Amino acid sequence: MSKPYETIKVEREDRTAWIILNRPHRLNALNEVMMEELLDALTMIESDPGVRCVVITGEGDRAFSAGADITAFPKATPVIAEEFSRKGQKVFSTIEELSKPVIAAINGYALGGGLELALACDFRIASEHAELGSPEINLGIIPGWGGTQKLVRIVGLRNAKRLVMLGERLKAEEAYQIGLVDKVVPFEKLRDETRSLAQKLCDGPPVALRYAKYALNFGSQVPLEVGLRLESALMALLFSTNDVKRGIEAFMSKSKPEFRGD
Ligand code: COA
């Protein structure tokens, strides 16, 4: 699990894999190497049955990530920009398609691509001092890694316009009020709060969590009737797992189920 990466760290804590963005001198800005390393780490985590939950956070207390690395922009041609955008979309889709739940522990600025990375995660816990926004408009561009589409779905068109068209930066508390993050905690408690959410997810039934994530993420992109059929098929499939028996038995015997993912 501890492959030597240049721009990220991957640490295993019990059944949780922590991916730590590790370019603090650049506020963990996402460059090409970091994108490749993220993809590599996610691929490795996906194939490790011992990992039941993933956390993505940033090194230090200043930034989760201040977005795409702007120092690469002056050299960018439209072709390079398109490749970089596609690479980001691939990495973020990998998070959304991952069979395990992913938590963003937002330890500081989550701006531009940093916010888009957090939006690709299933849960977002922010430190009180974190600030979130999509400032791309100030550079003359728009979000390119899914921000325009996902913000609308998560915080609605009105708030998405404030963020994307005005480039407003929100403090964590306001981000919580509009539903952009799920919880706000003091910085000193961020790790522990994240651990306790990760623990809850690790204790959950892995196959049901995987299908729930799939039905929620992709069922909402298709017509309702198709989404409902998908839901029924996935729900039916779960009745073939041993975990459903464990869940029902535990309910009957008033004990805590020990889900194993089979
Ligand atoms: N890409 C590359 N480098 C970045 C960066 C980014 N997205 N964001 C910050 N950095 C670098 C800064 O250039 C600075 O480097 P330096 O020490 O060599 O000058 C270092 O990280 C620290 O940032 P700094 O701007 O000095 O910190 P600050 O506290 O004054 O401001 C921010 C913090 C986040 C408000 C500011 O860095 C910022 O606006 N960053 C860009 C955010 C953005 O537009 N993201 C979307 C990109 S598409």
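Given the structure is predicted, the values throughout are model-derived calculations rather than measurements. When a ligand or atom number is given, it counts from 1 through the structure's own listing order. Note that these values count all heavy atoms, side chains included, but never hydrogens, waters or copies made by symmetry.
Among protein heavy atoms, atom 18 (O) of ligand 1 sits closest to Arg26 NH1, 3.7 Å. Nearest protein heavy-atom contact of atom 34 (C) of ligand 1 is Leu111 CD1, 3.5 Å. In this structure, the protein non-hydrogen atom closest to atom 2 (C) of ligand 1 is Asp69 OD1, 3.3 Å. In terms of protein heavy atoms, atom 23 (O) of ligand 1 is closest to Leu27 CD1, 3.6 Å. For atom 1 (N) of ligand 1, the nearest non-hydrogen atom of the protein is Ile70 N, 2.9 Å.
For ligand 1, the atoms closer than 4.0 angstrom to any heavy atom of Arg169 are 35 (C). Near Glu136, meaning under 4.0 Å from any of its heavy atoms, are these atoms of ligand 1: 48 (S). Under a 4.0 Å criterion applied to the non-hydrogen atoms of His25, ligand 1 contributes the atoms 20 (C), 21 (O).
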Worked verdict on Arg246 versus Asp262 for side-chain contact (heavy atoms from CB on, under 4.5 Å): CA-CA 10 Å; Arg246 293 183 186 109; Asp262 59 351; 2.5 Å; yes

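Ligand 1 has no N or O atom lying under 3.5 Å from any N or O atom of Leu139, backbone or side chain. Taking only nitrogen or oxygen atoms, main chain and side chain alike, Gly113 does not reach within less than 3.5 Å of ligand 1. Below 3.5 Å of separation, one finds an N or O of Ala68 facing an N or O of ligand 1.
In this structure, atom 36 (C) of ligand 1 is not in close contact with the protein, since no protein heavy atom lies within 4.0 Å of it. Protein heavy atoms come within 4.0 Å of atom 8 (N) of ligand 1. Protein heavy atoms are found inside the 4.0 Å sphere centred on atom 44 (O) of ligand 1. Protein heavy atoms are absent from the space less than 4.0 angstrom from atom 26 (O) of ligand 1.
Ion pairing between a basic and an acidic side chain is recognised when a charged N comes within 4.0 Å of a carboxylate O; Lys171 and Glu128 show no such pairing. One finds no salt bridge joining Asp48 and Arg15 here, because no Lys/Arg side-chain nitrogen approaches an Asp/Glu carboxylate oxygen to under 4.0 Å.
Atom CG of Leu38 and atom CD1 of Ile95 lie 6.5 Å apart (nearest 0.5 Å).
Inspection of the Thr71 and Asp69 side chains reveals an N or O donor paired with an N or O acceptor under 3.5 Å.
For the pair Leu21/Glu59, no side-chain contact is recorded, criterion being any heavy-atom separation below 4.5 Å from C-beta on.
Of the possible donor and acceptor atoms, one in the side chain of Asn159 sits under 3.5 Å from a partner among the backbone N and O of Val155.
Under 4.0 angstrom from ligand 1, the non-hydrogen atoms of Ala66 come from both its backbone and its side chain.
Criterion: ILVMFWY side-chain heavy atoms under 4.5 Å apart, direct or through other members. Under it, Leu170 and Leu190 are not part of a common hydrophobic cluster.
For the pair Ser85 and Gly144, the tightest heavy-atom approach, listed with the atom from each and the gap, is OG-O, 3.0 Å.
Residue Ile125 forms a side-chain contact (heavy atoms from CB on, under 4.5 Å) with just one option from Asn107, Leu197, Asp182, Val181, and that option is Leu197.
With a 6.0 Å cutoff to the six-membered ring centre and a 45° limit on the axis angle, Arg86 does not count as a cation-pi contact of Trp145.
Between Arg23, Arg62, Glu131, Glu116, it is Arg62 that holds the heavy atom closest to atom 29 (O) of ligand 1.
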